[in-house]
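Here's the structure we're looking at; comments come further down.
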Amino acid sequence: MTKKDVIRLLEKIAVYMELNLENPFKVSAYRKAAAALETDGRTLDEISDFSELKGIGKGTNDVITEFVQTGKSSVLKDLTDKVPPGLIRMLKLPTLGPKKIAKIHDALGIDTLEGLKAACENNEVSALSGFGKKTEENILKSIETVLNRPERYPINRILKFKQVITDVIDTIPGVERYDMTGSGRRTKETSRDLDFIVKVEDYQLFTQTMIEQNFVTEIVSQGDKKLSLEIEHDFDKINVDFRFVNGDEYISTLQHFTGSKEHNVKMRQIAKSRGEKISEYGVETPDGLKTFQSEEEFYHYFDLPYIPPAMRETGKETDIDISEIVSLSDIKGDLHMHTVYSDGANSIREMVEAAREKNYSYIVITDHSKSLRVANGLSDERLLEQLEEIRAIDQEYDDIDVYSGTEMDILADGTLDYSDEILSQLDYVIAAIHSSFQQSEEDIMHRLKTAMDNPYVRHIAHPTGRLIGVRDGYPVNMEELFDYAEKTNTILEINANPQRLDLSSDAIANQNVMFTVNTDAHHTDHLDFMHYGVSTLQKGFVKTSQVLNTLSREEFKAYINKDKQSDINE
DNA sequence: GCCGTTTTCGGCCCGACTGTTTTCAGTCG
């Protein structure tokens, strides 16, 4: 029995209560109780009295206590006796909510998706009062969608959908400004849909242009203020919402539609306690509607520091001190990138020039090692050749330090791809697993530990090998990984490539080790990925002092010239 | 069901759009 089990129980009760048409505020109380448990940093055993948490009172405390002690819940049992499980599946259908489902169930006795489909096809649903032809069609369409489309897409897929949309927006005259909002802006690992806000002179022209595009498969809704479409790209379908903004409310609309919902509820409660009201149009104050020039100004107005989008999730971000959390401007260099020596697209010099444009103080060139043949990994000789070239280029620049490194393979049996004799000549060594993902956790941990034990290996790249929504990665014992990293002074990477985001924000929260965030760029354009990695760190509430590449140029040079075992911040 | 510096009852964030209805309920974000 873990905290997660209790959270799931409370959320399950909320869903069943919703379908049982209980008071919506009662339903919401169960959801809030679940959120309160989630936000609390402690484990189940560490909490002695649940009712001391804000949002948990006598009722939910009793439910939790019964469940923890007996493993059962009489409240849930009563509900599951009353509500057929098929109705839970119906809740997933867009346009169908608890009220309509209850009505269909009560009037027609339908309690399965299949039964619902048949009833629509026989026009039984449209015969009910309050239902019509259109509702029936929409239900059939919803069933189709739910059966044929993934619920959420990984962030990398979301970014491709985004490109399809922005390519069109960029051609529409009169568009003054637009932003992607929603979970995409918050850098969630997966998103259900795409959201944009658009400041445009003529929303009708915008709407007309957009709905004429070949990729539009359905107009979900269309009004003066918003447009909602279903689009298709590369055989995948997703919903896209546009919100039209006029005048001075842009920042308030941006803030509102960035979410999360929980974050917004929290902000509105704060406003309300001051006698004010937040909406997407601004803040209603006793002196009239207040609008803002920036989100910084918006948060400062409520006596809060600027909260980056990535951190706007549970609402707890408004309660805690976030002044020391890392931000993109703290990043002084990129320690993991590839060149044409292995599988990168650009030369060392091109990478240096691109890094200078980012105002970085230092970079490390880290091509693949010899065993990674598919990526043209460097033999000992080519690595030493490259080292010479890096040294020469470094000499040419006053404003940036260019260090020689490698992303060295940890081979299947745990041996490292270069000898210590070779490694000792490099400035900075990264180790990574690129092969034999199917090994047991024990074998994988043996490989990672061998690398961490090596005196030249400074950091482990993409420690789990996962690709979001594509593969889980190899089996890593996370507790052991963090313990061993701490023991050996080995730094763990947040790989900023949006396919990876590895380690994940969930994994790094509340850990006491050093991290580094790097793009793993294979092209100069990829250096732009850095902000995804920083967002991941922000979601894990990681402080600037815990991130290696926030060190100044001099501090980083000192770190490189020191033994791995010595303290970084000495 | 939870909560309280307008407190033990009466609120609980707020607005857009659709569809069915003829003034609004339901759903969504």
Side-chain angles (χ1 to χ4, degrees), chain A residues 10 13-14 17-18 20-36 50-64 75 90-104 125-139 141-142 181-186 191-197 203 207 218-229 239-245 249 252-253 255-284 289 312 315:
Chain A
L10 295 171
I13 289 175
M17 279 185 167
E18 206 167 24
N20 208 31
L21 300 188
E22 307 235 16
N23 179 344
F25 295 110
K26 185 174 167 180
V27 175
S28 146
Y30 274 85
R31 296 219 160 94
K32 278 182 191 160
F50 295 102
S51 61
E52 71 188 21
L53 271 71
K54 194 167 180 292
I56 299 183
K58 190 180 176 313
T60 42
N61 184 46
D62 288 350
V63 171
I64 296 170
V75 173
M90 288 185 204
L91 254 193
K92 285 201 189 292
L93 300 175
T95 74
L96 265 196
K99 299 251 174 74
K100 282 187 185 165
I101 292 172
K103 189 153 190 187
I104 291 170
V125 171
S126 54
L128 299 173
S129 80
F131 291 73
K133 201 75 212 144
K134 197 80 194 172
T135 303
E136 205 165 56
E137 283 170 20
N138 285 339
I139 293 173
K141 242 185 273 176
S142 298
T181 59
S183 55
R185 182 163 183 247
R186 301 200 311 279
S191 296
R192 198 173 28 223
D193 58 12
L194 289 180
D195 300 287
F196 291 89
I197 68 168
Y203 76 85
T207 299
E218 196 193 328
I219 300 166
V220 179
S221 81
Q222 187 181 346
D224 300 351
K225 299 265 186 189
K226 59 181 282 196
L227 169 68
S228 186
L229 304 173
N239 276 56
V240 187
D241 293 334
F242 301 93
R243 174 71 176 227
F244 304 121
V245 192
E249 77 251 22
S252 281
T253 309
Q255 194 279 331
H256 174 87
F257 283 102
T258 298
S260 71
K261 193 174 163 196
E262 289 75 17
H263 175 81
N264 285 351
V265 167
K266 193 68 187 291
M267 288 306 298
R268 286 174 165 169
Q269 285 166 349
I270 290 170
K272 195 164 177 154
S273 71
R274 307 173 10 145
E276 297 174 327
K277 207 166 84 175
I278 297 175
S279 79
E280 58 262 56
Y281 297 110
V283 178
E284 274 180 40
L289 188 72
R312 302 177 199 167

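Order of the sequence lines sets the chain letters (A, B, ...), proteins ahead of strands, with each chain counted from 1. In what follows, every heavy atom counts, from backbone to side chain, and hydrogens, waters and symmetry copies are set aside.
Taking the side chain of A:Lys54 as heavy atoms from C-beta on, and the options B:dG4, B:dG26, B:dG15, the nearest nucleotide is B:dG4. Between B:dG1, B:dT27, B:dA16, one nucleotide has an atom nearer to the side chain of A:Phe25 than all others, and that is B:dG1. Nearest nucleotide to the A:Asn23 side chain, out of B:dA16, B:dC2, B:dC12: B:dC12. Residue A:Lys272 has its side chain nearest to B:dG11 when only B:dT27, B:dA16, B:dG11 are considered. Here the nucleotide nearest the side chain of A:Tyr281, chosen from B:dA16, B:dT27, B:dC2, is B:dA16. Closest approach to the A:Ala29 side chain among B:dA16, B:dC2, B:dG19 is made by B:dC2 (side chain taken as heavy atoms from C-beta onward). Counting only heavy atoms from C-beta on, A:Lys226 has its side chain closest to B:dC17 among B:dC17, B:dG15, B:dG26. Here the side chain of A:Ser279 is nearest to one of B:dC14, B:dT20, B:dT27, namely B:dC14. Nearest nucleotide to the A:Lys134 side chain, out of B:dT20, B:dG1, B:dA16: B:dT20.
Separating the NZ atom in A:Lys26 from the OG1 atom in A:Thr60 is a distance of 11.5 Å, to the nearest 0.5 Å.
Using a 4.0 Å heavy-atom criterion, one finds that A:Pro24 contacts no nucleic acid atom at all. A:Glu22 comes within contact range of no nucleotide atom at all, as no heavy-atom separation falls under 4.0 Å.
Across A:Ile64, A:Val75, A:Ile56, a single residue satisfies side-chain contact (heavy atoms from CB on, under 4.5 Å) together with A:Leu10, and that is A:Ile64.
Look at the P atom in both B:dT5 and B:dG1: the space between them is 23 Å, to the nearest Å. B:dT23 and B:dG29 have their P atoms separated by 30 Å, with the value rounded to a whole Å. Of the C1' atoms belonging to B:dT21 and B:dA25, the separation is 10 Å, rounded to the nearest Å. Here, B:dT8 and B:dC2 have their C1' atoms 12 Å apart, quoted to the whole Å. Of the P atoms belonging to B:dG15 and B:dT20, the separation is 26 Å, rounded to the nearest Å. Taking atom P on both nucleotides, B:dC12 is separated from B:dT18 by 27 Å, rounded to a whole Å.
Base pairing of B:dC14: its partner is B:dG29, meeting the Watson-Crick or G-U wobble criterion (both donor-acceptor distances under 3.5 Å).
At whole-Å resolution of the value, CG in A:Asn61 and P in B:dC3 are 11 Å apart. To the nearest angstrom, P of B:dG19 lies 9 Å from NZ of A:Lys100. Atoms OH (A:Tyr30) and P (B:dC3) sit 13 Å apart, rounded to a whole Å. Whole-Å rounding puts the A:Gln222 CD to B:dG19 P distance at 12 Å. For A:Asp195 and B:dG29, the CG to P distance is 9 Å, given to the nearest whole Å. Here the P atom of nucleotide B:dC28 and the CG atom of A:Asp241 are 12 Å apart, to the nearest Å. Look at CD on A:Gln269: it is 17 Å from P on B:dG11, rounded to the nearest Å. Distance A:Ile219 CD1 to B:dG19 C1': 17 Å, rounded to the nearest Å.
Residue A:Asn138 has a polar side-chain atom (N or O) positioned under 4.0 Å from OP1 or OP2 of B:dG19. Put simply, A:Ser129 has no side-chain N or O that comes within less than 4.0 Å of OP1 or OP2 on B:dT20. The phosphate of B:dC28 has neither OP1 nor OP2 within less than 4.0 Å of any side-chain N or O from A:Thr95.
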Step by step, would you call A:Ser129 with A:Lys103 a side-chain contact (heavy atoms from CB on, under 4.5 Å)? CA-CA 10 Å; A:Ser129 80; A:Lys103 189 153 190 187; 3.3 Å; yes
For the pair A:Arg312 and A:Arg185, evaluate side-chain contact (heavy atoms from CB on, under 4.5 Å) and give the outcome as yes or no after the intermediate values. CA-CA 10 Å; A:Arg312 302 177 199 167; A:Arg185 182 163 183 247; 3.7 Å; yes
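A salt bridge links A:Glu18 to A:Arg31: one of the charged nitrogens lies within less than 4.0 Å of a carboxylate oxygen.
Judged by closest nucleotide on DNA chain B, A:Val27 is the one of A:Val220 and A:Val27 placed further toward the 5' end. Checking A:Arg192 against A:Ile56, the closest nucleotide of DNA chain B that is more toward the 5' end is the one next to A:Ile56.
Anti is the glycosidic conformation of B:dT5, whose angle departs from 0 by more than 90°.
Within a 6.0 Å radius of CZ in A:Arg274, more than 12 heavy atoms belonging to other residues, nucleotides or ligands are found.
Ring-plane geometry between A:Phe242 and A:Phe196 is classed as parallel, the angle between the planes falling under 30 degrees on a 0 to 90 degree scale with a further cut at 60.
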